[in-house]
Amino acid sequence: MPALETEVLVVGGGSTGAGVVRDAAMRGFSAILVERGDLAAGTTGRFHGLLHSGGRYAVTDPVAARECVAENAILRRTAADCIEDTGGLFVTTKWDDPAFGDEFAEGCRETGVPLEEIPVPQALRLESRLDPTISRAFTVPDASLDPWKLVWGCARSAKHYGAKILPYHRVLDLERQSDRIVGALVENELTGEKARIRAQVVVNAAGAWAGQIAELAGCKVTVLPGKGIMIAMNHRLVNTVVNRCKRPADGDIIVPIRTVSVIGTTDTRVSNPDELEVTQGEVDEMLDEGEKLVPGFREARALRVWAGARPLFSAEEVTDTREVSRTHTLLDHAERDGVEGFVTITGGKTTTFRLMAETAVDAVCAHLGVDRPCRTKEEPLPDSEERHFYWLGSRVRAREPMPRSEEIICECELITRNRLKAAIVRRQTTNLDDIRRTLRLGMGPCQGGFCIYRATGILHAFERLDQRAANASLLDFLEERWKGVHPILHGDQLRQARLDDWIFQGLLAVQHLPE
Amino acid sequence: MKCTICETFCPFSRATPLFPGPKYVGPQAERYRVGGASPDISIDYCSGCGICTQVCPQGVKVAEINSRARARLWEEQGIPLRNQLIARPSVLGRLGTPVAPFANWTLRNRLLRRVGERVLGIHRDAPLPRFAGRTFQRWARKHVSPAAERTVVYFHACGTNYYEPAVGRMTVEVLEHNGYHVVVPPQDCCGLPLQSNGNFPAARAYVRRLAARLAPYAREGCAIVSNSTSCGLMLKREAREILDVDDEDVRAMSEATFDLCEFLLLLHERGELRTDFRPLAMTVPYHAPCQQQGHGIGKPALDLLALIPELNAIELDADCCGIAGTYGLKKEKYEISMAVGERLFHQVREADPDVAACDSETCRWQIEHGSRVHAVHPVELLHRAYGLGAA
């Protein structure tokens, strides 16, 4: 069995884990990250993509709000390429308590959220689809954040500083010698190969799965997975993040991210973060709430629904996960459980991932008896050095000087053949869903109807992927997409799904592909 | 819904890498356009032929959407002088007519055309029509249309007025032959070239003025007949569907407007068209212009030509001649336009006819230019078969 040695082993490849491994590597530690699936395939890749201004928590969760204020400003400097500076609005609709506006403004002042009240006509000029009966509007520096770019940026930077990133490596066990965790036994999910990783400190950054990892160390950590569903709409129904000005509740925010707008979310306590069922009732609730912000929302084309599991840590038992603070928690298991060499960082949000990483690596420093300052506040991620925010038009602009010079494989997301090939090489993967997360392949209005068979052909020819593996990759992708499509099928998207079905079942007979 | 059918039918994206296709520049790229300056300008290479709208199985008005987007783009960027100039046929007509011999010499002079290409951006080889010198309006003012029970209003458009008054005369005579009193009201440009060159405000002003002239006749129950397929389409629906001009005059005008061949075929269906045609022993390849297909009336010219004994009309299946009004005149688009039309030119040449037939004036000029075969409006053949005298 191969054996690896490192100072810091990070478990979990979401934004927190990626942030921790980068921070550790930047502070000169040898570091390895293991993730059971693909990077950012869990909660991080399943949120609505909001870079919080802090406004959402200004009244109900001032600690989280203050953290968001600080981290928002830092990420704008260090992760500009992952951010589209959409700005945010809080609007009081006729369903909201008009008095809350003052409380909200006061909360923002106290927590330092930059806020400006603007006249309603100005808000309606900014976002012409908003319900014209809104009575108040406030601007805040909300933005949208591309979680995959963020995590991959951290991973690339970490690798640059010498860290190892191992996606598709599941932790089977944590190895304990008397009162100390000394490493982990991991299994490569693709090859079945097992390996032993010896580490001086193990950081549990498994988010909603942190309880399961802690259990391997014999520690009890209660993480309440809070299920939140989100629906992506075909178009940008708004170009600014739009929030209802009220206490956080279900379906009260629409985030424009890349070519779509995402409405979210719900918050339901679930027992298993791997089993997140979406119910018809939840879908209906989202669409009804969307209608209150943007009349006609229900008639717009819904592309896809998905659910993510928030990692909410609570020291005591609670029933309503909305009440649990969105701030993060560091558990030093030496103090807490008498287990050395093991820390858990959990709770929090993607917006505060950097702070969580800093906190966790500070704890690592303490364990290793060294004092090395954190530099992630200043050093930008790769591609963000110029501090240019992401611009939605960039993919179209990039095609302009050389129209049709190469084929477009995914028409909705404007992915060319060369770009697809480069991603396949860079990611060293034959999994179409991994490529989707890298390039947004198949995430547009046809949900892979036209690009996925093309991409499969390219994988087959270019990667010399054998027929069986290529077929399996295609089928896996289709099944994964279908999960998110079928609960919201209606109207135009139902027609699209029929066409996709004719293409894959009718023309290509995918169910009868040779195995 | 995305099916990509329009992309597979677009004759322009097939001919040039500069136009990525109607879905690409339309609903697809629209998802990337937010605030500020547009990230892309390739929509300018759409000719507005409208085939995408024709073929869309979902009824999406792709060409109309793209036409509006193009206008927005030009609003952002400013319309070049050339596009302002060639989009005003009635102004050019009024300038060129009194000095027709000189103007025609200028337009045929190789050296001056080179200068024109350099200075104005109008391709030196682009097919520009000849000024007739005497306008159709001038003929119509003197012409006394015999009294008849039924009256029809003739909208002849600029092409007939300044370049092909003979086609106008034949149209009037064919209508009179079928028992109509023909009224030719004074009329100016419908605004279509301005619309396709992205100047919506000016186009709206033109079409409103025209509607004010024609609507009173429509309200009296007169049909308005036009031999210009593209300008007729402007009256019928583009004013409302692209320019968003939806006042009472425009609506009245729209509802009363018929394409000439459509009108004659409707007469025939009611048994009211005279069929005293003499045989014309000839083979005529016929091209249905894209804009005429936009009327959604089939190909009435073919049915009419079939009434002429011994005339063998061949329906050509090439989809577009490439000119698209003023598109093919432009320096940067001439080659594309000729490449689009090549299949049609080839089919016309293959038929080796005396004349080819096509309803639209700019398409006829392009067919003549590309295939060196004389092209006529179908009404000219009807006129000849009725024995109404030489054109």
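Below, read A as the first sequence line, B as the second, and so on, with proteins coming before strands; counting in each chain starts at 1.
- Residue A/His490 qualifies as enclosed at atom NE2: its count of foreign heavy atoms under 6.0 Å is above 12.
- In this structure, A/Glu411 contributes its side chain and B/Gln28 its backbone to no donor-acceptor pair below 3.5 Å.
- Using a 4.5 Å cut-off between heavy atoms, A/Arg236 contacts chain B through its side chain alone, with no backbone atom that close.
- To the nearest 0.5 Å, atom CG of residue A/Leu494 and atom CE of residue B/Met1 are 10.0 Å apart.
- Within 6.0 Å of CD1 on B/Ile41 lie no more than 12 heavy atoms contributed by other residues, nucleotides or ligands.
- Annotation for A/Arg301 and B/Lys2: closest pair NH2-N, 4.4 Å, computed over non-hydrogen atoms.
- Of all the heavy atoms in A/Trp391 and B/Pro39, the pair that sits closest is CH2-CB, 3.3 Å.
- The shortest non-hydrogen separation linking B/Tyr32 to A/Leu414 is CE1-CD1, 3.7 Å.
- For a residue to count as touching a neighbouring chain, one of its non-hydrogen atoms must lie under 4.5 Å from one of that chain's; by this rule A/Glu413 touches chain B with backbone and side chain alike.
- Atom CZ of B/Arg72 has 12 or fewer heavy atoms from other residues, nucleotides or ligands within 6.0 Å.
- Residue A/Ile408 touches chain B through its side chain alone, counting heavy-atom pairs closer than 4.5 Å.
- Counted within 6.0 Å of CZ on B/Phe9, heavy atoms from surrounding residues, nucleotides or ligands total 12 or fewer; the atom is thus considered open.
- With a 4.5 Å cut-off on non-hydrogen atoms, A/Asn234 touches chain B through its backbone and its side chain both.
- Between B/Arg31 and A/His235 the shortest heavy-atom distance is CG-CE1, 3.9 Å.
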